[in-house]
K.L.:
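So that we are looking at the same thing, I have put the structure below in C-alpha cells.
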Amino acid sequence: MRHILHADFDAFYASVEQLDNPELRDKPVVVGGSAEGRGVVASASYEAREFGVRSAMPMRTAQRLCPHAIRIGARFDRYREISQRVMSIFRDLTPLVEPLSLDEAYLDVTSIVAENRRPADIAASLKRRVKHELGLTISVGVATSKSIAKIASDMDKPDGLTVVAPGDEKAFLAPLPIRDLWGVGPKTAERLSSEGIETIGDIAQQDEDWLRERFGKHGAQMQKLALGQDNSTVEVRRETKSVSAETTFAQDIGEPEALLEVVNRLSQRVANQLRRKQLQGRTVKLKLRLSDFTTFTRQKTLPYAVQSADDLSQFAGELLRAELYGRRRFRLVGVGVSGFEQSEADPEEPRQLRFSGFG
Ligand code: DCP
Ligand code: MG
Ligand code: MG
C-alpha cells in the first residue's frame, strides 16, 4: 500500500502578496490583469472569495462583486522563488516529490510511514514547517493514492488537513460530484449527468459494460478511480536540461529554402515548449544527419538567453547555412536549446507591486 500526500498552497499568488505586504493581510486581494486591460483573476484571497470572487473570472466581474478588493499585478519571479523553497522543504521529507504546478505537489511518504510514523502526523508536521519557514499555509490531503489525495487536499481549504484512511476510499468518494473525479472534464460530466449519473458513487455502481459501451476505455478507467483503485506512482521529474525538436524526412533534402523552412517550424515547436516551461536558454543547438547517416551537432552560445521562435530560427538558421556546401543532403534536422535561465515575468504584467483599489 502507498501513502501519498497532495500539498497545495492556499490562494497562492494572493497569499504571497499578503505575506510581502502586511497592509494587505485580512483584506480582499486579487492578483491578475487590470479590468481595463480585460484581465482575469489568477488568484483571489479567501477574504475576496467571500464575495464570490474566483480564479479565471474576468477582473471586471471581480470588481463588481467586490468593489473594495485590492488588485495587484502578478510577480512571477517571486512566486517561482517561493515555489522552489516549498519544493525543497518537500524534498527534505522525501525525494519522491512530483510537482504539478508552482503551488502543488504529490509526495510519496510510504517509506516514512513504514518507520512507524502516522501519515496524518507527517502531514501536520509538514504544514507546520512550511508555515514556520515560509509564512504561508498549505492544505494537505492524505490518502493511499494520488487521485484521492488531490481531492482531499481541496476539501478543507484554507489551512486544511484531510485524511482518507486506508479502506475508506470508496465511501469518501461516493457522495462527491463526478467532476471531482480525475480525468472527468466538463463534457464527460455533462454526458454522465444526462444519463442520470451525478456522483462518483453512481459511477462506482454502474455496470462496467454499460460504461464501456458509452465511454470506451475511459469508462472502465473512470469506474476504477471511482472505486478508489488508482495505482499511479509519484513521478519524480528530472529538471529539464534541454528542450529540442527534430524531424526525419521521407526523402533527403538539400534545398536551402526547404531546410530553413524546417528550421523555422522546429524553432516554433521548441519556442512553444520553452514558453510553457517558462524557460529561456543561451545555447542554441542544430542537429543534422546527412544522407550517409553521419550525425553531428553545431551549437552557438549567446551572451543572453532566448526563447522566441524568431530568435531560435535566426541562430539555428545561421548554424545551418554554414553547413550548406557541396551537394550535401540531409535526412534529419533538429533544433534545441540548453543553458537555461528562468524567463522573465510576462511582459503584460507589471513587475512591481501595483496597488489599485477598484472604487
Ligand atoms: N492560477 C492562475 N490562473 C488560474 C488558476 C490558477 O494564474 N485560472 C495561478 C494563481 C494561483 C496559482 O496558479 O495562485 C495556484 O492555483 P490554485 O488552483 O492552487 O489556486 P490558489 O492557490 O490561488 O487557491 P487555492 O487555495 O484554491 O489553492
Ligand atoms: Mg493553491
Ligand atoms: Mg494548485
K.L.:
Measuring only between side-chain heavy atoms, which start at C-beta, is Thr137 closer than 4.5 Å to Val130?
P.N.:
no
K.L.:
Does Val337 share a hydrophobic cluster with Tyr304, counting links as ILVMFWY side-chain heavy atoms below 4.5 Å and allowing steps through other members?
P.N.:
yes
K.L.:
State, without any angle test, whether Asp310 and Ser308 hold a side-chain donor-acceptor pair at a distance under 3.5 Å.
P.N.:
no
K.L.:
If you measure from the Lys or Arg side-chain nitrogens to the Asp or Glu carboxylate oxygens, is any gap between Arg60 and Glu36 under 4.0 Å?
P.N.:
no
K.L.:
Which pair of heavy atoms, one from Pro99 and one from Val97, lies closest together, and at what distance?
P.N.:
CD-O, 3.6 Å
K.L.:
Which heavy atom of Ala42 sits nearest a heavy atom of Ser55, and at what distance?
P.N.:
O-OG, 2.9 Å
K.L.:
Heavy atoms only: give me the nearest Arg179-Ala189 pair and the separation to one decimal.
P.N.:
CB-CB, 4.4 Å
K.L.:
Please evaluate residues Phe172 and Glu169 with respect to the criterion side-chain contact (heavy atoms from CB on, under 4.5 Å), reporting the C-alpha separation (whole Å), side-chain torsions for both, the decisive distance (0.1 Å), and the verdict.
P.N.:
CA-CA 5 Å; Phe172 168 79; Glu169 293 84 0; 5.7 Å; no
K.L.:
Report the C-alpha distance between Val109 and Leu93 in whole Å, list the side-chain angles of each, state the deciding distance to 0.1 Å, and finish with yes or no for side-chain contact (heavy atoms from CB on, under 4.5 Å).
P.N.:
CA-CA 8 Å; Val109 297; Leu93 182 62; 4.1 Å; yes
K.L.:
Within the 3.5 Å criterion, strictly below it, is a donor on Ser193 or Glu198 matched to an acceptor on the partner's side chain?
P.N.:
yes
K.L.:
So, the side chain of Thr144 versus the backbone of Pro166: is there a donor-acceptor pair under 3.5 Å, distance only?
P.N.:
no
K.L.:
Should we say atom NZ of Lys157 is surrounded by more than 12 heavy atoms from elsewhere, each under 6.0 Å from it?
P.N.:
yes
K.L.:
Do the side chains of Val236 and Glu98 get nearer than 4.5 Å, heavy atoms only?
P.N.:
no
K.L.:
First locate atom CZ of Arg282, then atom NZ of Lys300, and finally report the distance between them rounded to the nearest 0.5 Å.
P.N.:
12.5 Å
K.L.:
Measure the CD1-CD distance between Ile197 and Gln205 for me, rounded to the nearest 0.5 Å.
P.N.:
10.0 Å
K.L.:
To the nearest 0.5 Å, tell me how far Gln307 CD sits from Asp311 CG.
P.N.:
9.5 Å
K.L.:
Test your reading of the model: is there a side-chain donor-acceptor pair from Arg80 to the backbone of Leu102, 3.5 Å cut-off?
P.N.:
no
K.L.:
Do Leu5 and Ile151 sit in one hydrophobic cluster, given that two such residues count as connected whenever their side-chain heavy atoms are within less than 4.5 Å of each other, even indirectly?
P.N.:
no
K.L.:
With side chains defined as the heavy atoms from C-beta onward, is the minimum distance between Leu24 and Ile72 less than 4.5 Å?
P.N.:
yes
K.L.:
Kindly say whether Asp159 contributes a backbone atom to a donor-acceptor pair with the side chain of Asp10 at under 3.5 angstrom?
P.N.:
yes
K.L.:
Under a 4.5 Å cut-off applied to non-hydrogen side-chain atoms, are Arg331 and Leu290 in contact?
P.N.:
no
K.L.:
Walk me through whether Gln280 and Leu274 qualify under side-chain contact (heavy atoms from CB on, under 4.5 Å).
P.N.:
CA-CA 6 Å; Gln280 52 182 7; Leu274 290 172; 6.0 Å; no
K.L.:
Just by distance, do the side chain of Arg71 and the backbone of Gly32 share a donor-acceptor pair under 3.5 Å?
P.N.:
yes
K.L.:
If we ignore hydrogens and angles and just use 3.5 Å, is the side chain of Lys127 paired with the main-chain N or O of Gly160 as donor and acceptor?
P.N.:
yes
K.L.:
Would you say Val306 ends up clustered with Leu320 if hydrophobic residues are merged whenever their side chains have heavy atoms under 4.5 Å apart, either directly or through other cluster members?
P.N.:
yes
K.L.:
Would the distance check show the side chain of Gln63 and the main-chain N or O of Ala35 forming a donor-acceptor pair, the cut-off being under 3.5 Å?
P.N.:
no
K.L.:
Specify the closest pair of heavy atoms between Glu104 and Met87, including all atoms of both residues, with the distance to one decimal.
P.N.:
O-CE, 3.5 Å
K.L.:
Kindly compute the distance separating CD1 (Ile178) from CG (Leu192), expressed to the nearest 0.5 Å.
P.N.:
4.5 Å
K.L.:
Taking atom CD as the centre, does Glu81 end up with more than 12 heavy-atom neighbours from other residues, nucleotides or ligands that are less than 6.0 angstrom away?
P.N.:
yes
K.L.:
Check the surroundings of atom CZ in Arg129: do more than 12 heavy atoms from other residues, nucleotides or ligands lie under 6.0 Å from it?
P.N.:
yes
K.L.:
Do Leu176 and Thr199 have side-chain heavy atoms sitting under 4.5 Å apart?
P.N.:
no
K.L.:
side-chain contact (heavy atoms from CB on, under 4.5 Å) for Leu65 and Met57? Distances and angles first, verdict last.
P.N.:
CA-CA 11 Å; Leu65 291 169; Met57 178 180 272; 3.7 Å; yes
K.L.:
Are any of the side-chain nitrogens in Arg85 or Glu133 under 4.0 Å away from the carboxylate oxygens of its partner?
P.N.:
no
K.L.:
Looking only at atom types and distance, does a side-chain atom of Thr94 sit under 3.5 Å from a main-chain N or O of Leu96, one as donor and one as acceptor?
P.N.:
yes
K.L.:
Could Arg191 and Phe215 be counted as a cation-pi pair, given that NZ or CZ must be under 6.0 Å from the ring centre and within 45° of the axis?
P.N.:
yes
K.L.:
Hey, are the side chains of Ile200 and Lys170 touching, using non-hydrogen atoms and a 4.5 Å cut-off?
P.N.:
no
K.L.:
With a cut-off of 3.5 Å and sequence neighbours excluded, list every side-chain donor-acceptor pair involving residues 243-271.
P.N.:
unit_1 : atom_1 : unit_2 : atom_2 : d
Glu246 : OE1    : Lys287 : NZ     : 2.9
Ser267 : OG     : Val263 : O      : 2.7
Ser267 : OG     : Ser313 : N      : 3.3

K.L.:
Is the shortest side-chain heavy-atom distance between Thr233 and Arg2 below 4.5 Å?
P.N.:
yes
K.L.:
Would you check if the side chain of Gln206 reaches a backbone N or O of Leu211 as a donor-acceptor pair within less than 3.5 Å?
P.N.:
no
K.L.:
In the single-linkage hydrophobic clustering (I, L, V, M, F, W, Y; side-chain heavy atoms under 4.5 Å), do Leu332 and Phe330 co-cluster?
P.N.:
no
K.L.:
Can you tell me if Lys285 has over 12 outside heavy atoms packed within less than 6.0 Å of its NZ?
P.N.:
no
K.L.:
Applying ring pair (Phe, Tyr, Trp, His ring centres under 6.0 Å) as the test, list every pair that has at least one member in residues 102-138; sequence neighbours left out.
P.N.:
His6-Tyr106
K.L.:
Treat each ILVMFWY residue as a node, draw an edge where side-chain heavy atoms are under 4.5 Å apart, and state whether Ile4 and Ile138 are in one component.
P.N.:
no
K.L.:
Please check if the side chain of His218 supplies one atom and the backbone of Gly183 the other of a donor-acceptor pair under 3.5 Å.
P.N.:
yes
K.L.:
Taking atom types as modelled and ignoring hydrogens, do the side chains of Glu17 and Tyr79 form a donor-acceptor contact shorter than 3.5 angstrom?
P.N.:
yes
K.L.:
Please report the interatomic distance NZ(Lys131) to CG(Leu126), rounded to the nearest 0.5 Å.
P.N.:
14.0 Å
K.L.:
Out of curiosity, Ser153 OG to Ile148 CD1, how far, rounded to the nearest 0.5 Å?
P.N.:
12.5 Å
K.L.:
Do Arg289 and Thr295 have side-chain atoms, one donor and one acceptor, less than 3.5 Å apart?
P.N.:
yes
K.L.:
Does Asp26 reach the side chain of Glu47, with side-chain heavy atoms less than 4.5 Å apart?
P.N.:
yes
K.L.:
Indicate whether any N or O donor in one side chain lies under 3.5 Å from an N or O acceptor in the other, for Ser147 and Asp230.
P.N.:
yes
K.L.:
Quick one: closest heavy-atom pair of Ala11 and Ala44, and the distance?
P.N.:
CB-O, 3.4 Å
K.L.:
Among side-chain atoms of Asp8 and Ser139, is any donor-acceptor pair under 3.5 angstrom?
P.N.:
no
K.L.:
Any idea which heavy atoms bring Ser338 and Lys241 closest together, and the distance?
P.N.:
CB-O, 3.5 Å
K.L.:
Would a distance-only check, ignoring hydrogens and angles, find a side-chain to backbone donor-acceptor pair under 3.5 Å from Arg328 to Glu323?
P.N.:
yes
